[in-house]
Every structure is written in C-alpha cells, then in structure tokens.
There are 2 protein chains.
Amino acid sequence: MGRKTLIDEEELISRLSNVFREVGYEGATLALLAEATGLKKASLYHRFPQGKEQMAREVLEKAGSWLEEHILAPLRAAGAPASRIDAMVKQLDAFYSGGRQACLLNMLSSARIHGGPFTEMIERVFEAWIGALSAVLLDAGLDRKTARSRAERTVMMLQGSLVFSRGMGTTRPFREFLKSLPAELRKI
Amino acid sequence: MGRKTLIDEEELISRLSNVFREVGYEGATLALLAEATGLKKASLYHRFPQGKEQMAREVLEKAGSWLEEHILAPLRAAGAPASRIDAMVKQLDAFYSGGRQACLLNMLSSARIHGGPFTEMIERVFEAWIGALSAVLLDAGLDRKTARSRAERTVMMLQGSLVFSRGMGTTRPFREFLKSLPAELRKI
DNA sequence: TTTTCTTTACCGACCGATCAGTCTAGTTAA
DNA sequence: TTAACTAGACTGATCGGTCGGTAAAGAAAA
C-alpha cells in the first residue's frame, strides 16, 4: 500500500551524506540536499519530518553503524592482528573514496552546533573507533598505554591526512598514509 | 583628518578570525562577525568593501603572515634544529590556544568555495609550512625524502589532533601531540 | 474485472526569518 | 571644514520549514 519511493532509504542517506561531507552542516542548504537526492524540498520533509537536523543526525548514525560493521567488527574478528588491520585499511580507502571525501566527524563538529545533537555521537564514534583499534594493538603485544596512544595517533593521522588532502587538492597524502599504516602499527 | 577607529586593524582581524575558526565560512554570518567585533554590519563594510569574502581572505592572509613570522622564520633561524623545533611548538600552542581553537586551513576549505579565493592560499600556506619544516629536518641530518615525509606527517598530525580535540571536547590530544613532537622529530 | 477506498510518496506554492550587501543621513575628530 | 567613520533602515535573494493537494500503489468492494 502506498506508492514506491523514488529513491530508497540507503541511497537517500548516502546522497545526503555526500553533501554534508562536502560542505558541512551550515553549507548544506536544503536546495543542495534536494538537488543531490532528486527529491524536492517538501519531499525531503516527508522523509525527515524534523528537517535538516534529522537528516544530518541520521547520516551520522548511518556512518557510525557503517564504521561498526565494516571496520570495528572486522577489527575485533579472529585472525592475526596484521591481517585485521589490512582489512581496516581496505575499508577505509573505500569509505573515504581514496581520500576524495571528507570525514563527517570533522565536518559536523563546528562550534555553531556544539552541545547540539551531534557532539555526543561524534564523541561516541571516536571513542568506539579508538577502543577497537587499541584492542587489536593489545592483541599484537603492546601494553595498554601505548596501544591506546597509538590508536589515538592513528585516528588523528587519518583525520589530518584527510584535511591535508582536501587543502592541497590531491588524494596523495591520504593514500600514502593508508599505505604506511600497516607497517606503522606493526612496529612495537 | 578623520577620526580614530574604535577597534584597530589587528584586533579587528583577530576577532574575525576567531569567528571563522569557530564556525567556518558558511557559519560565519555578518551578524556573528558584527557581534564579535563590536562593529555594526555597515561599519564592517566600510572596513571591508568586498564584504565577507574579503574578511575571510584578510584573516587567512594574516594567519599566513603570522605563521611566516612566528613559526617559519624561527624555524629557518640559526641554532640547533632541536631548539628551533621547541620554539615552533611554543608558538603553535599559543596560536591554537592550547587546542581550543581550530585551524583556518581546515575551516575554510569546504568544497562550497573550492576553486574560490581561499583554495590557492591554503595550498600555499601548507606548502610553505612543510617546506620550512623539512628544511629543519634536513639540517638535523635526515635525507630529503624522509625529511619531507616527516614534515608532512607533522602537519597532518597537527591538523588531526585539532580535529580530534574538537570532536572529543578536550584539548588533551592536541597538548599531548605538541608535547611528543620534539622527541618525535628528533629520532632519525 | 472494474471500481472504489486507503495509504503513502511526492510536489508547487507559500511562509516568516535571515542572509549578504547597500544607501543615506548623520556623528566625530583632526 | 573636511573626511573618516558609523548607524539604522532598507534591498532582493535565499534560508529552513509548512501546507494543501496530487500521483501512484495495494486492498477491498462491486
């Protein structure tokens, strides 16, 4: 009952995500979001009654569950730490389109909306990511403290390489970082 | 001839800079910029006839010359590489208010304005920064390639630590990164 | 089968508010 | 007296958001 959607939920969120990742929350106008999805503004409000904020929230939630499924779960899976890290690297390359797309965690954390609905989720995602990463490094034989520290540095380098890549207009820094990551994490 | 300004050029640029660093280009409304400077909108247009874009451009230019004067010049000065790096670290801590303030190079590089007036300058600043840093590392005995690579990694980690600090709502990651930086760069 | 009925997806037209930016009539100090 | 400076009222455009209504699909009724 009811007519079919022109664009299914997953594709819809994905298109919205691209916009937020490109121009951030304030830059993502409803006009841009409508254009990117092929739906008119009013239709977007049918799908997301709470408007732009809900869109960003669901996009961020989707990113969180994507991270959980494609990165953290494999990181926690059985197998040698090295191969688990290799798996993560491969997924990261896909997730950030080889460095062409920015990270939502950076683009949605502008101070204008600090204390808002994104702050908490951004913290949670960062925390989960570092937790899973440091668990792997713990498995690899590092002590708690250096495992945690190296996990944090990895996430920071990932973010930094994306910022730098965007700033320089080339994906090279991101790609080189990903390439160096397995060896980087392997050394004690 | 003419009366004195209520707020001098330097303070004015600094106040504008704070806004852009907090909320980015799209988030920085004229109302916010006026509030932050104590000037009314029309007065801002007297100081910056080309409007918001000129404000952001001059803020970015100022940041570039500040970097040149307080970071790159000391980096190129005489003295042991280690002490030059120590000097940079001290200045970075001040420039980013101990991790409380974001980097313009990140906040002004949203895709909405890509190809715009900031893109080129952002690239130039990144380039200059890495150039000066890798020159120091060259002085310290590293070969060209690893000096350049380590310089890039340093800038990326700086950016990443700022992103991570903002996302987590604490300055700890930034401060720890700065603290570890001298030792990090010292090792061959 | 064909005709309703119900439900859902979608959209054109509109809303008040705010956006960046302008204009003019002062105010202030040299 | 003059020119740098400022304020407030204004502009058209765009902002996020709302509304009444139409299009399309399956279910129920004929």
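Fair warning: this is a prediction, and the values are worked out from it, not measured in the lab. So that the names make sense, note that chain A is the first sequence line, chain B the second, and so on, each numbered from 1.
OP1 and OP2 of C:dC10 both lie 4.0 Å or more from every side-chain N or O belonging to A:His46. Residue A:Ser43 places at least one side-chain N or O under 4.0 Å from the OP1 or OP2 atom of C:dC11. Using a 4.0 Å cut-off, some side-chain N or O of A:Arg47 falls inside it from OP1 or OP2 of C:dC10.
The salt bridge (Lys or Arg N to Asp or Glu O under 4.0 Å) contacts involving residues 61-70 of chain A comprise A:Glu68-A:Arg76, where partners must be two or more places apart or lie in separate chains.
Contacts of residues 7-20 of chain A with DNA chain D (heavy atom under 4.0 Å): none.
The distance between atom NZ of A:Lys40 and atom P of D:dT22, rounded to the nearest whole Å, is 18 Å. With rounding to whole Å, A:Leu39 atom CG is found 8 Å from C:dC10 atom C1'. For A:Lys4 and D:dA25, the NZ to P distance is 6 Å, given to the nearest whole Å.
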| query | What do the steps show when you test B:Leu32 against B:Glu35 for side-chain contact (heavy atoms from CB on, under 4.5 Å), and what is the final call? | reply | CA-CA 5 Å; B:Leu32 271 177; B:Glu35 190 193 28; 3.9 Å; yes
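Hydrophobic clustering, defined by side-chain heavy atoms of Ile, Leu, Val, Met, Phe, Trp and Tyr closer than 4.5 Å, groups B:Val163 together with A:Val163.
In the set C:dC11, D:dC5, D:dA24, C:dC11 carries the atom at the smallest distance from any side-chain atom of A:Leu6.
Look at B:Lys145 and B:Glu152 and you find no salt bridge, because none of the NZ, NE, NH1 or NH2 atoms lies under 4.0 Å from a carboxylate O.
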Cut-off 3.5 Å, no hydrogens considered: what does the side-chain donor-acceptor table look like for residues 96-103 of chain B, sequence neighbours left out?
| unit_1 | atom_1 | unit_2 | atom_2 | d |
| --- | --- | --- | --- | --- |
| B:Ser97 | OG | B:Gln101 | NE2 | 3.1 |
| B:Arg100 | NH2 | B:Ser97 | O | 3.3 |

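Centroid-to-centroid, the aromatic rings of B:Phe164 and B:Phe177 stay 6.0 Å apart or farther.
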N/O contacts under 3.5 Å, protein versus nucleotides 13-17 of chain D?
| unit_1 | atom_1 | unit_2 | atom_2 | d |
| --- | --- | --- | --- | --- |
| D:dG16 | OP1 | A:Ala28 | O | 3.4 |
| D:dG16 | OP1 | A:Lys52 | NZ | 2.9 |
| D:dG16 | OP2 | A:Leu30 | N | 2.7 |
| D:dG16 | O6 | A:Lys41 | NZ | 3.4 |
| D:dG17 | OP2 | A:Tyr45 | OH | 2.2 |
| D:dG17 | OP2 | A:Lys52 | N | 3.1 |
| D:dG17 | O5' | A:Tyr45 | OH | 2.7 |
| D:dG17 | O6 | A:Lys41 | NZ | 2.4 |

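Under 3.5 Å, the side chains of B:Arg150 and B:Thr146 contain no donor-acceptor pair of N or O atoms.
Applying the salt bridge (Lys or Arg N to Asp or Glu O under 4.0 Å) criterion to B:Arg21, with sequence neighbours excluded, gives no partner residue.
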